[in-house]
2 protein chains.
Amino acid sequence: MTDAPERPKVATMFDVARVAGVSHQTVSRVLNDLPGVRPSTRVRVEAAMSELRYTPSPAARTLASRRSQTIGLITAGRPDYGPSNAALGFNEAARAAGYTVTQVSMREVDTESLRSAVAMMVRHNVSAIVLISGEREVIGAIGSIDLEVPLVSLASERVDGMHRVAINQFEGGRIAVEHLIGLGHRRIRHVTGLQDAMDAGERERAWRETLTAHGFPVSGPEIGDWSSESGYVAGVALAEEWRRETERFTAVFASNDQMALGLLHAFRDAGIRVPDDVSVVSVDDIPEAAHFAPPLTTLWQDFDGLGRDIMATVLDVLGDEEHAPDRTTRVPELVVRASTAPPPA
Amino acid sequence: MTDAPERPKVATMFDVARVAGVSHQTVSRVLNDLPGVRPSTRVRVEAAMSELRYTPSPAARTLASRRSQTIGLITAGRPDYGPSNAALGFNEAARAAGYTVTQVSMREVDTESLRSAVAMMVRHNVSAIVLISGEREVIGAIGSIDLEVPLVSLASERVDGMHRVAINQFEGGRIAVEHLIGLGHRRIRHVTGLQDAMDAGERERAWRETLTAHGFPVSGPEIGDWSSESGYVAGVALAEEWRRETERFTAVFASNDQMALGLLHAFRDAGIRVPDDVSVVSVDDIPEAAHFAPPLTTLWQDFDGLGRDIMATVLDVLGDEEHAPDRTTRVPELVVRASTAPPPA
DNA sequence: CAATTCTGGTCGAAATATCTT
DNA sequence: CAAGATATTTCGACCAGAATT
């Protein structure tokens with residue numbers, strides 16, 4: 001006996017056509033749901049397809065139609081909780097919609113790598129490119145590239161030339177600060193996220209405007225970069241100030257949970273009790289937040305839903321390029337735990 | 001004037017051939033580095049290629065050659081720190097090697113979704129499939145699928161029918177437990193990771209065998225699932241036991257940092273001081289670990305290197321299917337912080 | 001004859017034009 | 001002239017054998 005054939009040969013349109021007793025072109029028509037096929041023959045063809053376990057060849061399809069049913073996903077930066085979960089939600093949604101996802105992840109972003117990633121995706125005839133980053137520099141860089149494909153980006157600020165999706169970070173920040181104000185705080189400090197991040201900007205703006213609207217003082221903020229370490233550094237500075245001043249701040253709004261963890265660490269080192277001396281509220285509600293010392297009051301965000309929003313927007317865009325609506329209306333929800341309390345008397 | 005053409009037409013082999021004054025086949029030869037091309041004509045062809053900004057069409061290439069220079073990546077489960085960073089490292093390494101990555105992420109895994117993901121990838125003519133999961137059920141499920149493509153999986157236990165890559169978790173566990181023993185501990189408890197996870201199994205085995213080798217008692221372990229919440233639950237149980245018994249345990253080895261965080265929470269609630277009453281050591285060294293209360297002694301792991309190992313193994317496998325070596329020799333490194341100390345006198 | 005280079009067929013589907021009733 | 005189904009050409013590269021030096 002000779003060896004089995006190297007690769008199991010798969011059925012083609014012609015095989016299906018033969019079995020169904022029609023021409024290959026008719027097979028193509030039922031495949032693409034085109035009109036002009038009698039229901040009876042359509043059924044025959046479909047039967048033949050499933051009998052032969054026929055699956056169209058993506059490569060042939062792409063070559064002939066210049067469309068690949070693929071979406072390019074570019075993620076930039078470290079795999080933090082939010083972006084990772086949004087990417088996961090997007091990936092699942094894309095698959096559910098019948099799309100394949102080609103992913104390029106990069107820790108560091110420079111225009112050249114971005115350009116080559118985009119070029120590669122365009123060459124693969126992706127239907128759209130999705131960018132999960134949220135940093136202005138990255139978004140600006142990709143915006144400067146002449147991509148011949150629709151672009152959907154995670155971005156909480158308005159950006160020209162692309163469709164965007166976001167959770168309403170301004171509203172989230174407002175909720176956090178109002179929560180503190182509702183408890184009686186008025187001297188509320190802020191630790192920002194990465195300076196270049198749009199989400200961080202929106203939260204800072206919300207903090208500033210909410211305090212201003214109430215006529216409370218705006219001081220600071222401390223600059224962070226999302227990391228616990230930066231939160232710790234900010235916390236050390238804040239703790240020192242707290243010990244020095246008489247008109248002390250009584251609460252801090254941190255732009256994410258990791259930085260809040262660093263803050264708690266610094267405050268603990270400095271003998272500042274949370275929430276007795278200072279309240280802390282932050283953003284994300286990572287699964288660990290419930291077990292910080294003390295358990296963290298924070299804003300929960302639906303990252304999975306955000307990922308689905310991205311795919312929904314992609315589908316909108318593919319359906320009607322012009323008036324695809326941005327999806328930016330999801331609002332974070334406050335989860336109250338033990339890191340916030342009324343200010344000391 | 002009429003509109004500009006819908007899509008900018010890209011150059012083909014024929015265009016290059018015409019400009020270089022050769023046949024398309026010669027272009028193909030220089031493209032694929034095949035022999036039998038005079039250096040002088042090779043230069044002419046290359047000049048023509050760059051002049052026309054020629055890039056070969058992936059679709060046409062795949063169709064004709066049945067190879068796509070693509071690797072399929074399947075990730076299962078929540079995007080935790082380790083797997084996410086390994087996936088990132090892999091993605092960057094794959095790109096550096098000239099491969100495209102098609103990714104399927106799923107939160108929940110069932111055989112049917114796995115099967116369809118694999119089928120889709122095979123239909124796309126991927127060169128190999130990479131699985132990042134580490135759970136026996138998932139690995140078993142994909143192993144039961146007849147995939148006509150090499151499979152490389154993250155797996156710290158030996159598995160038939162696939163190549164595997166892993167960090168040496170047994171050795172890591174040994175290092176952690178020996179660290180505690182070196183400090184004077186002998187009653188050392190363990191909180192496992194997800195029961196079905198191979199990494200968790202290896203660490204548990206290391207804990208058990210190391211204690212046994214020293215003639216110390218093995219009691220427990222508590223069963224966790226990687227989450228802080230499960231660590232907290234285990235911690236509550238351990239704390240209660242600690243209060244009750246006279247022969248108390250003096251240290252706990254937790255299978256990851258998140259669970260250690262839950263442990264710390266439970267111990268704090270119970271008035272057990274870490275490290276004065278009980279020492280805690282765990283695994284991963286997530287960036288937050290340095291800011292836990294107290295800062296965590298834990299095992300750092302090179303997930304980025306792990307991701308690169310995966311790609312290196314893929315390249316080995318593609319080069320020589322049979323004797324591609326598994327890469328399982330990376331060893332975690334102990335990072336000593338403030339959660340471990342000698343046992344109370 | 002060996003080293004090059006060329007011609008023509010192939011991959012599997014889509015798109016368009018062309019018959020049938 | 002509609003519908004329905006059939007031929008033919010095209011997408012852009014790979015591959016084998018033929019033709020050229």
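The analysis underlying the following values was restricted to heavy atoms, covering all of them including side chains, and did not include hydrogens, waters or symmetry mates. Quick note on labels: first sequence line is chain A, next is B, and so on, each numbered from 1.
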5' to 3', nucleotides 14-21 of chain C under a 4.0 Å protein heavy-atom cut-off (B base, S sugar-phosphate only, - none) gives BBB-----
For [X], which residues count as a salt bridge (Lys or Arg N to Asp or Glu O under 4.0 Å) partner, sequence neighbours excluded?
| X | result |
| --- | --- |
| B:Arg123 | none |
| B:Glu112 | B:Arg115 |
| A:Arg44 | none |
| A:Asp110 | none |

Any residue meeting side chain to side chain donor-acceptor pair (under 3.5 Å) with A:Arg29, in chain and number order, not counting sequence neighbours: none
Give a yes or no on whether a salt bridge exists between B:Asp15 and B:Arg53, defined as a side-chain N under 4.0 angstrom from a carboxylate O.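 Looking at B:Arg53 together with B:Asp15, the answer is no, because their closest N to O distance does not fall below 4.0 Å.
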Please report, rounded to the nearest Å, how far the P atom of C:dC11 is from the CG atom of A:Leu63.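 That distance rounds to 14 Å.
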Could you tell me the separation between the CZ atom of A:Arg66 and the P atom of D:dT10, rounded to a whole number of Å?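 Between P of D:dT10 and CZ of A:Arg66: 14 Å.
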Among pairs that include at least one residue of [range], which meet ring pair (Phe, Tyr, Trp, His ring centres under 6.0 Å), considering only residues two or more places apart or in two chains?
| range | value |
| --- | --- |
| residues 11-34 of chain B | B:Phe14-B:His24 |
| residues 100-146 of chain B | none |
| residues 55-93 of chain B | B:Tyr81-B:Phe303 |

Mind grabbing the angle between the end helix axes of the helix from C:dA2-D:dT21 to C:dT21-D:dA2? Five pairs an end, 10° rounding. 60°
Taking only N and O in the side chain of [X], is any of them less than 4.0 Å away from OP1 or OP2 of [N]?
| X | N | value |
| --- | --- | --- |
| B:Ser23 | C:dC6 | yes |
| A:Arg38 | D:dA3 | no |
| B:Thr41 | C:dT5 | yes |
| B:Thr26 | C:dC6 | yes |

Between B:Asn125 and B:Arg61, a side-chain donor and acceptor under 3.5 Å: no
Taking DNA chain C as the partner, which of residues 117-127 of chain A come within under 4.0 angstrom of it by heavy atom?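 Going residue by residue through residues 117-127 of chain A, none turns out to have a heavy atom under 4.0 Å of DNA chain C.
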Side-chain donor-acceptor distances from residues 96-106 of chain B under 3.5 Å, at least two apart:
| from | atom 1 | to | atom 2 | distance (Å) |
| --- | --- | --- | --- | --- |
| B:Gln103 | NE2 | B:Ser105 | OG | 3.3 |
| B:Ser105 | OG | A:Asn91 | ND2 | 3.4 |
| B:Ser105 | OG | B:Thr75 | OG1 | 3.4 |

At 4.0 Å (heavy atoms only), tell me whether B:Ser40 reaches a base, stays on the sugar-phosphate, or touches nothing.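 Since no nucleic acid heavy atom lies under 4.0 Å of B:Ser40, the category is nothing.
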